[in-house]
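Structure record follows, encoded as structure tokens.
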Amino acid sequence: MVSSAPPIEVLVTGGAGFIGSNFVRYALGAHEDWRVTTLDKLTYAGRRENLRDVQSHPRHEFVHADICDAAASGPLVERSNVVVHFASETHVDRAIMAAGDFIRTDVEGTFVLLEAARRAPALTRFVQISTDEVYGSVATGASRETDELRPRNPYSASKAGADRLAYSYWATYDVPVIVTRASNNYGPYQFPEKVIPLFVTNAIDDIPVPLYGDGRNVRDWLHVLDHCRAIDLLLEKAVNGEVYNIGGGNEVMNVDLTHQILDGVGKPRSLVKPVPDRPGHDRRYCLDTTKLRSLGWAAQVPFAQGLRDTIEWYRENEWWWRPIKEDDPQFKAYYKTQYESRR
């Protein structure tokens with residue numbers, strides 16, 4: 001029997017980016033009663049190609065617009081039952097070069113969406129996607145949701161601002177906000193300025209991989225599909241006004257990650273080329289995920305397997321990344337500035 005209930009209207013901001021596009025794809029597959037709208041400005045890392053396999057899906061609509069444009073984004077929020085807000089500038093190196101872009105998108109853009117959420121009559125959940133980087137560098141132990149926020153670069157500061165702004169709209173206006181803080185994601189469709197896709201694609205082409213400093217910085221890696229599953233669970237079980245850490249439980253030093261990538265691609269470790277460390281480079285992140293796990297979530301993708309699968313995806317999908325690295329003048333200029341000039 002076909003249900004006569006209206007579909008659940010889900011707005012995914014930044015849905016043409018890495019994590020957002022994976023969530024759109026996941027959501028359409030997991031929920032037959034969801035109608036998903038992707039809102040994306042299509043800046044350098046937001047690409048229509050990320051949604052190629054769902055562009056014509058009958059329950060998916062794509063809207064090309066800026067979250068900061070209230071006339072465009074506001075009505076989409078107001079008609080929604082659920083908003084999952086991924087849209088942001090995310091790369092630390094770019095934030096160091098152009099901090100203002102991060103403040104405008106991450107803070108002002110979130111403000112525009114939250115103002116619209118106040119007017120959304122059927123909104124049941126607004127998910128503010130934050131990051132573990134808001135806690136700052138953690139020498140020992142693991143960050144809990146109640147810990148002080150100590151962002152140390154313009155990117156993490158902009159995310160912390162948006163994080164707390166979203167919380168304030170729950171506390172002040174009773175907007176049904178929850179905040180998630182995830183560790184480093186990896187998987188398919190990740191823009192090749194990020195360390196795993198950059199190193200994998202460089203290695204495929206026998207190009208040196210630029211390793212910052214002594215390579216002993218530690219990150220906790222979370223497969224993007226485990227992140228999607230966590231968000232899905234929290235849409236059902238979270239408590240409004242609460243923060244939830246989402247971590248993969250895979251702490252890896254950058255130098256070890258680099259070696260694992262080169263070994264996985266089958267290339268020599270002599271491709272490693274140390275470059276001077278970037279300013280304000282946090283030494284270690286680690287999340288305590290007790291709160292999320294108490295709701296029944298656990299990471300399903302072992303890191304070794306996930307990394308192998310990710311390497312294989314980039315091997316099999318050169319159509320996706322090669323035009324970025326070879327034909328996109330903005331990416332080539334960025335890479336030259338950030339890495340080649342540091343050799």
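Just so it is clear, the structure is predicted and the values come from calculations on it, not from any experiment. Residue numbers count from 1 along this sequence.
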Can you name the closest pair of heavy atoms from [X] and [Y] and give their distance?
X      : Y      : answer
Val36  : Val12  : CG1-CG2, 3.9 Å
Asp40  : Gly17  : OD2-N, 3.6 Å
Ile129 : Lys159 : O-NZ, 2.7 Å
Gly266 : Arg315 : N-NH2, 4.3 Å
Phe18  : Asn50  : N-ND2, 4.2 Å
Ser183 : Gly247 : OG-CA, 3.4 Å

Over-ring placement of [X] relative to [Y], 6.0 Å and 45° cut-offs:
X      : Y      : answer
Arg52  : Trp320 : no
Arg308 : Trp313 : no
Arg25  : Tyr189 : yes

Is [X] reaching over with its side chain to a backbone N or O of [Y], donor-acceptor style, under 3.5 angstrom?
X      : Y      : value
Trp321 : Tyr314 : yes
Lys273 : Pro208 : no
Ser21  : Leu51  : no
Asp220 : Asn250 : yes
Asp132 : Tyr285 : no
Ser73  : Ile67  : yes

[X] and [Y]: side-chain donor and acceptor closer than 3.5 Å?
X      : Y      : answer
Thr37  : Arg79  : yes
Glu115 : Tyr169 : yes
Gln305 : Asp309 : yes
Tyr244 : Glu145 : no
Lys194 : Asn184 : no
Asp232 : His31  : yes
Tyr135 : Asn245 : yes

Taking C-beta and beyond as the side chain, do [X] and [Y] meet within less than 4.5 Å on heavy atoms?
X      : Y      : result
Val77  : Leu11  : yes
Leu262 : Leu271 : yes
Pro7   : Trp34  : no
Ile19  : His227 : yes
Val24  : Val54  : yes
Arg144 : Lys291 : no
Val83  : Gln128 : no
Arg125 : Ile178 : yes

Could [X] and [Y] be called an ion pair, given the rule that one side-chain N must be under 4.0 Å from one carboxylate O?
X      : Y      : answer
Asp214 : Arg283 : yes
Arg269 : Asp263 : yes
Arg284 : Glu251 : yes
Arg104 : Glu108 : no

Surrounding [atom1] of [X] (heavy atoms of other residues, nucleotides or ligands, distance under 6.0 Å), is the total greater than 12?
X      : atom1 : value
Glu316 : CD    : yes
Arg35  : CZ    : no
Arg164 : CZ    : yes
Lys41  : NZ    : no

Point to revise | Aromatic contact, Tyr186 with Phe303 (centres under 6.0 Å) | key: yes

Review point. Are the aromatic rings of Phe86 and Phe23 close, with centres under 6.0 Å apart?
Key: yes

Point to revise | Stepwise side-chain contact (heavy atoms from CB on, under 4.5 Å) test for Tyr155 and Thr131 | key: CA-CA 10 Å; Tyr155 159 62; Thr131 170; 3.7 Å; yes

Review point. For Trp170 and Val179, what are the C-alpha separation, side-chain angles and deciding distance, and is it a side-chain contact (heavy atoms from CB on, under 4.5 Å)?
Key: CA-CA 11 Å; Trp170 168 78; Val179 176; over 6 Å; no

